[in-house]
Amino acid sequence: MSALQLVDRISHRSMMDAPISQDLLALRRRVSEMEEIQDQARVAVEKLGEAVEKLRAPALRLGTLLHQLPNGRALVCVGGTDYVCNVDPSLPEASLETGGRVLMNEAFAVTEAFGFDKNGPVVRIAEVLADGRLRVGNEAGVSDAIVIRSSLLGKEKLKQGLDLRLDANLRVAVEIIGTSKRIDRTLTTVEALPWSSIGGQAEAVQAIRDSIEMPFLHAHLFKRFNHPVPKGFLLYGPPGCGKTLLGKATAHNLRCQIREKTGEDHPEFFLNVKGPEVLNMWLGESERQVRDLFSQCREKAAEGHLAFLFIDEAESILGTRHAGRVGSNILSTLVPMFCTEMDGIEALHNVVVIIASNRADLIDPAILRPGRIDRKIRVRRPDQRAAREIYQLYLTESLPLAESRDELVSAVLNAHYEHSEANRFLEITYRSGRRDYLHRGDLASGAIIAAVVERAKEYAIKRSIEKGEECPITKADLLKALSHEYRENELFPPSDITEDWLKLTDFDPGNVVRLAPCRHVDPDQAPEASSI
Ligand code: ADP
């Protein structure tokens, strides 16, 4: 019984005696006040006790959550050691993320989710394993390790060469930092490609030989005549007409020529990159890529290789400001960077830079100044004569042919280049209002011709399988393949947008107001396919 309750009892029993009752009331008030003060003091003492307790308690540890386990437990790594820990059941499950930090109490139970940490070592992906885990390493030669992905990266498409940040316990990849220093899309050696494996590009081949082979093979004459030696050249022309092929053939043939003339063998190193691959949304990353491409080539040249840097779709990184598809700030720094790198190359020191574009008009003129890439070599669409050469290259005599090769080639050539209505492919409307048509032949390319022959071979193979005997390639196979190729060829833009189509033609955009593909009948019912 509290003191106050005791006073109440006494006052109740002595109700009759008025003067005592007055005193009791006063006593009651006093006792009540004292009890209140006592309560307040107790609370204050308790609080102080708690504070003292907190200050004396050891710090709590943070761990990295590796996996959630059944029955309210989790696998947590703390300071390099794994623990199976109980998880406070009041913690929402969604707050526990793989790779996230968790707070552990003294009993090593998870009591709180602490989010992802903001720092940690950066590593590079060496391999993405089939189950999504990552083999990572770094350039310092530290041995590779296998890590898992945090829930932040669970669905990210990760590929080799990408830089990642690990958690503090080095077990989980937490964040993507950027792409690798080295572009992995490279081709270090090229297949044997004699000039004769390129059809209908005699002019371009000659220009390349003059600008690259000659100075390499007759350096003393160039020196004697004080004639500048180019460090590279630009190949421009429509897609699929052999720019890459010419680049690779340059590497192969230069190696052969040097070997023949000097007896020295410099194996080729052919670095093949597409402009858009270099572009990167991370600030400064594209510049780093370009610098690295050059340094890779220089390194290889120093080792005795003949290094070629081939940049396809160059207008995307070396274009004038308005040409780029991305913010001009990237381009405006890439072009000067590229020029500096070009200026740093010594001609004839085994590094050749080849840039290829189907929009040479968009390449920044600074790139094309003397001393940089001052040779511009045009790669044309094959005319009928060139197309014959290319058809002959792919339709070799050794193949099973239903008729003589010349007859087959002439038949498919006629169908390809005929100015017939069925061959109309693009309708052009000029500013003057005049209309014209481009026929299939006007948009022919080496790639299309190669694909036509390959497709015709497929038809003959299928027929041979069906009939159980060797069926040679016929005219009908070639013509059907031709129609299919023009319908499906990926070199033609799928849209009707004039600008996309203009890129494929030689027209001055100023003169053309509209350029639209002609709609075609189904190739299987096309006259040339059914008439045979
Ligand atoms: P580009 O770089 O101009 O877009 P490519 O050189 O990549 O074109 O050509 C694609 C393919 O088309 C080549 O691998 C080759 O099979 C074929 N091709 C293109 N042009 C020719 C050509 N002039 N002679 C032989 N094959 C060619």
Side-chain angles (χ1 to χ4, degrees), residues 185-187 189-209 232-253 268 270-277 308-318 353-360 362-363 376-396 399 405 409 412-413 416-417 440-458 478 481-482 485-486 488-493 500-501 503-506:
R185 187 83 88 77
T186 57
L187 181 67
T189 49
V190 295
E191 64 267 49
L193 270 175
W195 291 121
S196 58
S197 63
I198 298 172
Q201 293 291 358
E203 226 176 282
V205 170
Q206 195 54 50
I208 293 175
R209 299 188 74 163
F233 52 88
L234 159 74
L235 287 173
Y236 69 102
C241 287
K243 294 185 293 297
T244 315
L245 204 61
L246 283 163
K248 291 181 190 166
T250 308
H252 170 77
N253 288 291
E268 347 55 13
F270 195 83
L271 199 50
N272 188 354
V273 265
K274 282 194 173 24
E277 284 174 355
F308 284 80
L309 175 56
F310 184 89
I311 304 179
D312 206 358
E313 298 176 43
E315 75 284 352
S316 61
I317 50 167
L318 304 178
V353 182
I354 306 175
I355 64 174
S357 172
N358 53 6
R359 291 303 308 273
L362 299 183
I363 303 272
K376 294 171 223 130
I377 298 173
R378 178 158 187 173
V379 180
R380 293 176 188 278
R381 283 196 181 278
D383 57 11
Q384 210 160 338
R385 193 184 47 77
R388 178 179 290 279
E389 274 182 38
I390 304 174
Y391 269 117
Q392 280 171 346
L393 276 177
Y394 290 100
L395 211 60
T396 52
L399 291 168
R405 177 169 77 154
V409 169
V412 69
L413 254 189
H416 202 157
Y417 281 81
R440 287 178 181 180
D442 301 320
L443 290 170
S445 72
I448 293 176
I449 295 175
V452 166
V453 176
E454 292 313 316
R455 199 182 279 269
K457 285 183 193 170
E458 269 172 40
L478 286 163
L482 178 67
E485 212 36 58
Y486 270 86
E488 288 180 11
N489 197 294
E490 60 188 23
L491 294 175
F492 300 123
D500 291 346
W501 284 94
K503 284 183 196 159
L504 300 181
T505 69
D506 285 339

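Counting starts at 1 for both ligands and their atoms, in listed order.
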Which atoms of ligand 1 are found less than 4.0 Å from any heavy atom of [X]?
| X | answer |
| --- | --- |
| Q201 | 23 (N) |
| G199 | 22 (C), 23 (N), 24 (N), 25 (C) |
| S197 | 25 (C) |
| P239 | 4 (O) |

Next item on the list: Sort out for me which residue in V379, I354, L193 forms a side chain to side chain contact (heavy atoms under 4.5 Å, CB included) with L246.
Entry: V379
Check: Testing L309, D312, I317 for side chain to side chain contact (heavy atoms under 4.5 Å, CB included) with V273, which one passes?
Finding: L309
Ligand 1 N/O within reach of [X] N/O, cut-off under 3.5 Å:
| X | value |
| --- | --- |
| I198 | no |
| D312 | no |
| Y394 | yes |

For [X] and [Y], work out which heavy atoms get closest and say how close.
| X | Y | answer |
| --- | --- | --- |
| R359 | E315 | O-CB, 4.0 Å |
| A360 | L234 | CB-CD2, 4.0 Å |
| C241 | A444 | SG-O, 4.3 Å |

Check: Which one of P238, G242, S357 has a non-hydrogen atom at the shortest distance from atom 8 (O) of ligand 1?
Finding: G242
Margin query: Quick test of your reading of the structure: of G240, A447, G237, whose heavy atom lies closest to atom 4 (O) of ligand 1?
Written below: G240
Check: For ligand 1, is any non-hydrogen atom under 4.0 Å from L245's backbone (N, CA, C, O), its side chain (CB onward), both, or neither?
Finding: both
Next item on the list: Tell me, please: is P382 in heavy-atom contact with ligand 1, that is, under 4.0 Å?
Entry: no
Notebook entry, point to check: With a 4.0 Å cut-off on heavy atoms, is C241 touching ligand 1?
Noted result: yes
Next item on the list: Give, for atom CD1 of I208 and atom CD of Q206, the distance between the pair rounded to the nearest 0.5 Å.
Entry: 10.0 Å
Note to self: Surrounding CD of E203 (heavy atoms of other residues, nucleotides or ligands, distance under 6.0 Å), is the total greater than 12?
What the structure shows: no
Next item on the list: Taking the six-membered ring for Trp and the full ring for Phe, Tyr or His, determine whether the centres of H416 and Y486 are under 6.0 Å apart.
Entry: yes
